[in-house]
Amino acid sequence: MRRVSIFGATGSIGQNTIDLIKRAPDEYDVVALSGARNIAQLAKDARDLRANVAVTADPTLLPDLRAALAGSDIEAAAGPEALLEAASRPADWVMSAIVGSAGLAPGLKALEQGASLALANKESMVCAGALVQATARLNKARVLPVDSEHSAVFQGLIGEDIAAVERIIITASGGAFRDWPMEKLAGATPAQAATHPNWDMGQRITIDSASMFNKALEVIETREFFEVDPNIIEVLVHPQSMIHALVGYNDGALMAHVGPPDMRHAIGFALHWPERRKLPVERLDLAALSQLTFRDPDETRWPALRLAREVMAAGGHTGAVFNAAKERALDHFIDGTIGFMQMAEVVEEVLNQLSAQSSLTNAEMTLDSVLAMDHLARITADAIIEKT
Ligand code: NDP
């Protein structure tokens with residue numbers, strides 16, 4: 001039996017992972033499941049999958065979790081330390097699907113104990129790609145991509161030499177406001193931004209898709225994951241979300257990964273890697289689709305893409321600043337304090353204000369240095385928003 005843990009089990013990626021695991025329960029020994037506020041779901045899945053431990057990130061909800069698990073022999077635990085303890089329990093495969101930079105520390109802990117880390121939490125690579133890669137190498141652990149674009153690139157590289165890669169193209173649906181007139185964007189509401197034309201995802205990533213902050217994070221993730229020159233990474237708007245990424249080789253070949261917009265493909269690929277196994281995803285009928293369209297992204301509409309290039313050029317801890325400023329800007333957009341287009345303005349201002357910090361690019365990267373930079377960027381973002 002394979003020992004598996006799922007961090008962020010109650011979220012969109014976590015639930016898709018559980019869907020796959022529940023289809024073959026005899027193959028898996030579930031070590032840990034984590035959630036935050038959705039205690040009922042966490043307890044239900046922990047019971048269904050006979051997990052050893054269920055952890056909520058929110059310590060105030062520990063009594064609720066204990067009550068929901070009463071009568072079972074599943075341990076209940078809460079808080080960031082409990083998450084780390086659960087992540088340090090031996091497991092063969094760990095899903096990292098907590099949203100935001102909160103996912104970084106448990107993912108590193110899982111790598112330290114040698115688990116294969118299925119990485120949905122793109123923020124880990126954006127904030128601390130070098131640290132994640134170094135931790136994996138040191139512990140002979142494997143990081144497997146779960147973001148659909150990165151899974152597509154990973155699959156497009158199988159059997160190939162990365163030195164022969166000239167281009168990596170990741171596609172973007174364009175999100176909720178792809179075809180909105182520019183002048184309407186300033187007044188876009190969180191509810192409007194949280195609807196996605198193709199993918200069914202968590203609220204935060206769906207809004208990030210509308211602003212293209214999600215794609216900006218993915219561009220940086222591509223750089224960090226495949227350790228390639230940022231200049232070979234391109235973004236292409238592809239409204240149908242059927243081609244997830246293309247890898248271009250030095251002989252002119254472009255290898256495209258085509259599949260339905262269902263995260264269970266990328267999750268299942270990471271779960272069964274290096275094998276391929278049958279997955280419960282739709283089989284595409286390309287004739288019925290009839291056309292796939294593409295266009296270059298407009299960086300006036302989506303300034304996050306320009307910022308991503310600046311972040312990659314600066315390097316070091318700039319990714320951690322970018323992500324944390326984006327997380328705070330998103331919080332404030334969701335609570336109605338700032339408008340949709342102001343999110344990018346806030347993030348750019350935080351990057352500008354912190355660009356003089358020598359530790360931004362010079363300091364050695366450790367978990368503490370990343371978390372310190374994350375904290376500084378959050379307070380800087382809050383101060384900027386306070387003044388607006
Ligand atoms: P969701 O918001 O649906 O789920 C997030 C999960 O994290 C939930 O289990 C939530 O618990 C938990 N959580 C929230 N805050 C904290 C915290 N501070 N500490 C610990 N746990 C917390 O997100 P998604 O599943 O959409 O996304 C998860 C990650 O995967 C993100 O990094 C996202 O960018 C990435 N991703 C998602 C894709 C998708 O299709 N959804 C595609 C590719 C990547 P609870 O719900 O109980 O409060």
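Indexing begins at 1, ligand by ligand and atom by atom, following the structure's order. Position 1 is the first residue of the sequence, and the numbers go up from there.
Inclusion of Ser34 in the set of residues having an N or O under 3.5 Å from an N or O of ligand 1 is not warranted. The N/O atoms of Arg37, backbone and side chain alike, include one that comes under 3.5 Å of an N/O atom in ligand 1. Of the polar atoms of Ile13, at least one N or O is found under 3.5 Å from an N or O of ligand 1, judged by distance alone. Close N/O approach between Ser148 and ligand 1 is not found [any backbone or side-chain N/O within under 3.5 Å]. Considering both main-chain and side-chain atoms, Gly35 never comes within under 3.5 Å of ligand 1 through any nitrogen or oxygen pair. The shortest N/O to N/O separation between Gly202 and ligand 1 falls below 3.5 Å.
Taking the charged nitrogens against the carboxylate oxygens, Arg2 and Asp92 have no contact shorter than 4.0 Å, which rules out a salt bridge. Electrostatic pairing of Arg204 and Asp331 counts as a salt bridge here, judged by a charged N lying under 4.0 Å from a carboxylate O. The pair Asp382-Arg328 meets the salt-bridge criterion, with a side-chain N (NZ, NE, NH1 or NH2) lying under 4.0 Å from an Asp/Glu carboxylate O. Of the charged side-chain nitrogens involved, none lies within less than 4.0 Å of a carboxylate oxygen, so that Lys326 and Asp374 do not count as a salt-bridged pair. Comment: Glu221 does not engage Lys215 in a salt bridge, judged by the lack of any side-chain N to carboxylate O separation of less than 4.0 angstrom. A salt bridge is absent between Asp29 and Arg3: the closest approach of a Lys/Arg side-chain nitrogen to an acidic carboxylate oxygen does not fall below 4.0 angstrom. Salt bridge absent: Lys109 and Glu85 never bring a charged side-chain N and a carboxylate O closer than 4.0 Å.
Counted within 6.0 Å of CD on Glu299, heavy atoms from surrounding residues, nucleotides or ligands total more than 12; the atom is thus considered enclosed.
Close contacts of ligand 1 with Ala120, meaning ligand atoms under 4.0 Å from a residue heavy atom, involve 30 (O), 32 (O), 35 (C), 36 (N), 44 (C). Residue contact check: Asn38 has heavy atoms under 4.0 Å from atoms 45 (P), 47 (O), 48 (O) of ligand 1. In the vicinity of Ala102, heavy-atom distances shorter than 4.0 Å reach the ligand 1 atoms 17 (C), 18 (N), 19 (N). Close contacts of ligand 1 with Met201, meaning ligand atoms under 4.0 Å from a residue heavy atom, involve 39 (C), 40 (O), 41 (N). In summary, the atoms of ligand 1 found under 4.0 Å from a heavy atom of Gly11, numbered by their order in the structure, are 1 (P), 3 (O), 4 (O), 8 (C), 9 (O), 25 (O). Near Asn121, meaning under 4.0 Å from one of its heavy atoms, ligand 1 places the atoms 32 (O). Within the listing of ligand 1, atoms 32 (O), 34 (O), 44 (C) sit less than 4.0 angstrom from a heavy atom of Lys122.
When hydrogens are left out, the protein atom nearest atom 29 (C) of ligand 1 is Ile98 O, 3.7 Å; that is the closest non-hydrogen contact. Scanning the protein for heavy atoms near atom 10 (C) of ligand 1, the closest one is Thr10 OG1, 3.9 Å. Here the heavy atom of the protein found nearest to atom 3 (O) of ligand 1 is Ser12 N, 2.9 Å. Closest to atom 32 (O) of ligand 1 among all protein heavy atoms lies Glu123 OE1, 2.7 Å. Protein heavy atom nearest atom 23 (O) of ligand 1, with residue, atom name and distance: Val99 CB, 4.1 Å. What sits closest to atom 28 (C) of ligand 1 on the protein, heavy atoms only, is Ala97 O, 3.3 Å. Regarding atom 33 (C) of ligand 1, its nearest protein heavy-atom neighbour is Ile205 CD1, 3.9 Å. Looking from atom 12 (C) of ligand 1 to the surrounding protein, the closest heavy atom is Ala36 CB, 4.2 Å.
The closest side-chain heavy-atom distance from Met1 to Tyr28 is not below 4.5 Å. By the 4.5 Å heavy-atom criterion applied to side chains, His265 and Glu282 are not counted as neighbours.
By heavy-atom distance, the residue among Ile267, Asp200, Asp147 lying nearest atom 43 (C) of ligand 1 is Asp147.
Linking ILVMFWY residues whenever their side-chain heavy atoms come closer than 4.5 Å, directly or via other members, places Val321 and Leu376 in the same cluster.
For the pairing with Leu33, the side chain to side chain contact (heavy atoms under 4.5 Å, CB included) check across Thr56, Val4, Ile6 returns one residue only, Ile6.
The aromatic rings of His238 and Phe294 lie parallel to each other, their planes meeting at an angle below 30°, with 60° marking the opposite boundary.
Defined by atom type and a distance below 3.5 Å, a donor-acceptor pair is present between the side-chain atoms of Gln155 and His257.
Heavy-atom distances between Arg204 and ligand 1 stay at or above 4.0 Å for every pair.
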